[in-house]
Amino acid sequence: MGTFVQLVVDGLSTGSIYAAIALAIVLVNQATGLINFAQGGMAVLAVYVAWVLTNEGVPLILAILASIVFSIVFGAVVERFLMRRFERGDPDTAVVVTIGLLTLITGVAGWLWSYNNQQFPSLFPLDTVQFLGVSVSIRSIGNTVVIIVVMGLLQALFVGTKLGLALRAVAINPESAAFSGLPVGRLLMVGWGLAAALGAVAGALVAPQLTLTPGMLDNALVYALAAVILGGLTSPVGVVVAAWIIGILENLAAVYVPFIGFDLKVAVPFILLFVVLVVRPQGLFGRKSVVRV
Amino acid sequence: MTLLELEGVTASYGPVQVLDGVSLSVPDNGAVGILGANGAGKTTTLRAISGTVKTGGRITFDGKDIRGLRPDQVAALGIAHVPEGRGTLGDLTVRENLRVGAYLRKDSKAIEQDIDYCLDLFPNLQERIRSNASALSGGEQQMLAVGRAIMSKPRLLLLDEASLGLAPSTAKNVYDAIRRLRVESGIAMVVVEQNANLAFTLVDSATVLEVGRNVLTGTSAELKGMDEIRRAYLGG
Ligand SMILES: Nc1ncnc2c1ncn2[C@@H]1O[C@H](COP(=O)(O)OP(=O)(O)O)[C@@H](O)[C@H]1O
Ligand SMILES: [Mg+2]
């Protein structure tokens, strides 16, 4: 029982990391209709920024905040000067461009900081606390709570503010939004910036566990994409729940299903994905696209 | 005073030129129709005004050259485009759509009053205020599209086939409301219609386009009297 609860809490924690990256992907997809394969790479770059700052003696929390600000600017610049010319064109081209960006970022990070694993300090103590009679790590709880708070803020932004309404309008129909005077280009930059900031938070939380390398989030990106498809591209809540399910199942399967073990656990989300898509092609929570005439 | 003036306007989609010197003049508080068959260039003329197609020639609004401006800049000058196909924001509620229309305004009290005015103009929207726009009927979506446009307090409204796909009685309702809006607000209008009978209930004058050129221009009374107009656009 103790192992089980520990596995579930750890699964929620890693699932939250996938959730954050998945939400970033959904944010960009809603705004521009494309999947940004560089989302994880951009997050890793942000973690390196924070890492360089902590090495210079900047306190961890300030270093992470600075890396978030860096990410907002970097995301906006990527949208304005790279993706802008592909947004209205062939979506396949745009996706290839994001894959190219991922390769570029990974290469530059490796060249600047080597491919060696670097230690990244943890925001939370490594202790455990007693919870429902079993001990769980404070880090797992902390990661989950931070991501839930971030999601709450994001939700509040989208539902409760004029900026959020404008971002949603641009995502639904940029031309109509422009007819109401919304500065579409600037709002897209904001969307990419927010997505990059979300990735930076996820990266900073997971780096202590994974240790920092240029390819640190490659696996997480794959899981996040699975969560995006599983949850349905149109449902942020669905995506988060799917990411949690993936995180938990992955952990449980590794321990309880003997032939899977730690080597094969990467396959778990895809088996799940396959099963769900056969039964519900629009994902667990996504809506069927309905076209009205 | 002339509010909007098009002179020798050309427009092209990629290499294909579809407007070949269109002219149009809309006085302050005036309403001008653009008639013509499918593919004549009516929609493209509106797109030229709102900055959503590559354009040549001269387009002035309130004496200012607006050709080449981005669509959001054109909107900010006071031109509201109700596009063909309505362009409502499907995943937003009716109220949110109206709020998006007021994006550039800061006077939040007056915005609420104007939402009430929209709901008074289009009572059908009142009951659907919390529904997603995608759940509305075609007529309701058209009303919402017009509502969103007037929430920006424009000086000029560009209306593209507001009757398209609607039952005749619904189309009449929509045009009745727009006529009332015109009387009460004095907003100038460019009205694109295939249904010339409906258009003539709203506009003072009109121009007829054929393959990207004006072929006839006159007051509503003059045009209604012409045999070729009657045969081609008024069903006899
Ligand atoms: N996006 C587009 N790309 C290429 N050609 C277009 C596009 N939209 C319209 N056209 C062409 O431009 C011409 C004028 O179209 P349009 O302005 O939509 O006419 P109307 O509104 O009078 O029916 C037509 O020949 C049409 O095929
Ligand atoms: Mg048309």
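Naming convention: chains lettered A, B, ... in sequence-line order (proteins, then strands); numbering from 1 in each chain.
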Can a donor-acceptor pair be found, under 3.5 Å and without considering hydrogens, that links the side chain of D107(B) to the backbone of A110(B)?
no

Is chain A contacted by the side chain of T52(B), its backbone, both, or neither, given a heavy-atom distance below 4.5 Å?
side chain

Candidates V149(A), V146(A), N143(A), I17(A) - the one meeting side chain to side chain contact (heavy atoms under 4.5 Å, CB included) with V201(A):
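It is V146(A), the one option of V149(A), V146(A), N143(A), I17(A) that forms the side chain to side chain contact (heavy atoms under 4.5 Å, CB included) with V201(A).
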
Donor on one side chain, acceptor on other, S163(B) and E193(B), under 3.5 Å:
yes

Pair T88(B), R148(B) - check side chain to side chain donor-acceptor pair (under 3.5 Å), show working.
CA-CA 8 Å; T88(B) 45; R148(B) 183 162 68 88; over 6 Å; no

Which residues in residues 42-51 of chain B have any heavy atom closer than 4.5 Å to a heavy atom of chain A?
R47(B), S50(B)

For the CG atom of L230(A) and the CD1 atom of I246(A), what is their distance to the nearest 0.5 Å?
5.0 Å

Which pairs of donor and acceptor atoms, one on a side chain in residues 53-63 of chain B, lie under 3.5 Å apart (sequence neighbours left out)?
{"unit_1": "T55(B)", "atom_1": "OG1", "unit_2": "V53(B)", "atom_2": "O", "d": "2.8"}
{"unit_1": "R58(B)", "atom_1": "NE", "unit_2": "E7(B)", "atom_2": "OE1", "d": "3.2"}
{"unit_1": "D62(B)", "atom_1": "OD2", "unit_2": "R155(B)", "atom_2": "NH1", "d": "2.7"}

